[in-house]
Number of protein chains: 2
Amino acid sequence: MSPVDRPVLPLVGAPRAERADAVRNRRQLLATAREMLAEQGVDKLTMDALAERACLGKGTVYRRFGTRAGIFVALIEDDEQIFQERLLSGPPPLGPGAPPLDRLIAYGQARVAFMIEHREIVRAAIDGRQAVPAGTEMSLSRMHIRMLLRQIPLGAADLDILAIQLSAALEGPFLLYLSATDIADDALHTQERAARGWHDLIQRTCRP
Amino acid sequence: MSPVDRPVLPLVGAPRAERADAVRNRRQLLATAREMLAEQGVDKLTMDALAERACLGKGTVYRRFGTRAGIFVALIEDDEQIFQERLLSGPPPLGPGAPPLDRLIAYGQARVAFMIEHREIVRAAIDGRQAVPAGTEMSLSRMHIRMLLRQIPLGAADLDILAIQLSAALEGPFLLYLSATDIADDALHTQERAARGWHDLIQRTCRP
DNA sequence: AGCATAAGCGGACTTTACCCCGCTTGTTAT
DNA sequence: ATAACAAGCGGGGTAAAGTCCGCTTATGCT
């Protein structure tokens, strides 16, 4: 077991490390969920079916993920790690090095692409009770935007609110597209238009 | 039966007027739903309980509203009518007469107040599948915003996208508040902060 | 008035998310 | 090692959303 998986010194305040069998089961469930998703689509991924196919009890699924939406959130978080690494240490303008305004614009465009690519899973994650608005990914988006905003001279502005507004404005067109479209022919078109819209909005908002 | 309830000449393209018994049942169900909501809260408003208390079959409830969330959407639309009248013919700056920029700012602030006042129902309406993003109320919000934007000189901008972005930015802080807060002590504070944030965002976005 | 028919109705039935709680197992301190 | 105990597990049980389909009734036409 690598040091990455289990730090020698656990973070203070962290609830408690997961037991080895719990980690194994989580991985097993996530992998099985991906299989089922690829083979049969979102609807057929029921809690019973997942448990049975993973040769585990239903109770275990709930212990690991809390709710059905929790599974999808976990899947997205998994994929998001790569995305986050690009933010933190990838090449500019997404990664550090470019001027903050350029990074902000690049961020939105990358984010739109990411969401559209993972639209099926995101859609499923939304269906559960307030899973997404309070969820990890959205607040990550907000935190990143706020971090960049801080580096841009904006006069006296409530950066927390502005970050919330901008991240909502970023997701908004995407959510609309999700709920309006069942077949995804125009995914590319939507993506381009949303990306351009984001670019314009940031220009408007952040000019001196 | 008044002409308002049943126009003499039905609109072309309208699917078909509801039958008299259907109208009666819809009203009955909506009224009963409001009672139950006031007495027992959102959770106790189940489809079975509603049907039984309204002395109707469950099938009828589904025929009228489609889904559980549909009931809440219907309730909100009911309340929204008053709000809409204020927009269309009330006093400025919300109603017509004031400069469009002022109207836009006033709109957001009134909308925040409306949402916070109806937070319980809105929350319940959100829980159903894509009920809200594609729902009537949100698109009304968007249409109103777009209508006002058209009257403001903004250079070459994609007004459709901008309207989507701004309406999302308007709802965003509110949704966040919904999912983060269970008890509503700070409703007033949230409302003020969101209202101020909206004011600032519009100023930034719409300045020449 | 009488008829044809589409709309509406009811409630049993199915499916599925989520809860519960007694049993098992990994972990840690002695 | 081993004991003590918290964490994890399993799967039967429950409640509630949503579906189905045969029966009833309003409505519009003749």
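Throughout, a chain's letter reflects where its sequence line sits, starting with A, and its residues are numbered from 1.
Residue side chain Arg68(A) does not reach the base of dT16(C) through any donor-acceptor N/O pair under 3.5 Å, judged by distance alone.
Across the interface with DNA chain D, nearest-nucleotide mapping of Arg63(B) and Arg64(A) shows Arg64(A) to be the residue nearer the 5′ end. DNA chain D is contacted by both Gly57(A) and Arg24(B); Gly57(A) maps to the nucleotide lying nearer its 5′ end (nearest heavy atom per residue).
A salt bridge between Asp158(A) and Arg193(B) is present, with a side-chain N of the basic residue lying under 4.0 Å from a carboxylate O of the acidic one. With respect to the salt-bridge test (charged N to carboxylate O, under 4.0 angstrom), the residues Glu171(A) and Arg142(A) do not qualify.
Separating the CD atom in Glu39(A) from the NZ atom in Lys44(A) is a distance of 11.5 Å, to the nearest 0.5 Å.
Of the residues in residues 28-38 of chain A, none has a non-hydrogen atom less than 4.0 angstrom from any atom of DNA chain D.
To the nearest angstrom, P of dA12(C) lies 17 Å from CE of Met47(B). Taking atom CZ of residue Phe65(A) and atom C1' of nucleotide dC19(C), one finds them 18 Å apart after rounding to whole Å. Rounded to whole angstrom, the span from the NZ atom of Lys58(B) across to the P atom of dC21(D) amounts to 16 Å. Atom CG in Leu50(A) sits about 14 Å away from atom P in dG11(D), given to the nearest Å. In this structure, the CG atom of Asp21(B) is 10 Å from the P atom of dT25(D), given to the nearest Å. When the C1' atom of dA6(C) is taken as reference, atom CZ of Arg19(B) falls 8 Å away, rounded to whole Å. Across the protein-nucleic acid pair, Lys44(A) atom NZ and dA17(C) atom C1' stand 18 Å apart, rounded to whole Å. Taking atom CD1 on Ile71(B) and atom C1' on dA17(D), their separation rounds to 11 Å, with Å as the unit.
A donor-acceptor pair under 3.5 Å links the side-chain atoms of Arg119(B) to the main chain of Ile116(B), judged by distance alone. Arg204(A) places a side-chain N or O within donor-acceptor distance of the main-chain N or O of Leu154(B), the cut-off being under 3.5 Å. At distances below 3.5 Å, not a single donor-acceptor pair connects side-chain atoms of Gln165(A) with backbone N or O atoms of Leu201(B). Within the 3.5 Å criterion, the main-chain N or O of Leu45(A) finds a donor-acceptor partner in the side chain of Arg68(A).
In the set dA26(D), dG8(D), dG10(C), the nucleotide with an atom closest to the side chain of Ala20(B) is dA26(D). In the set dT16(C), dT19(D), dG8(C), the nucleotide with an atom closest to the side chain of Thr46(A) is dT16(C).
Taking only side-chain nitrogens and oxygens, Thr60(A) comes nearer than 4.0 Å to OP1 or OP2 of dG10(D).
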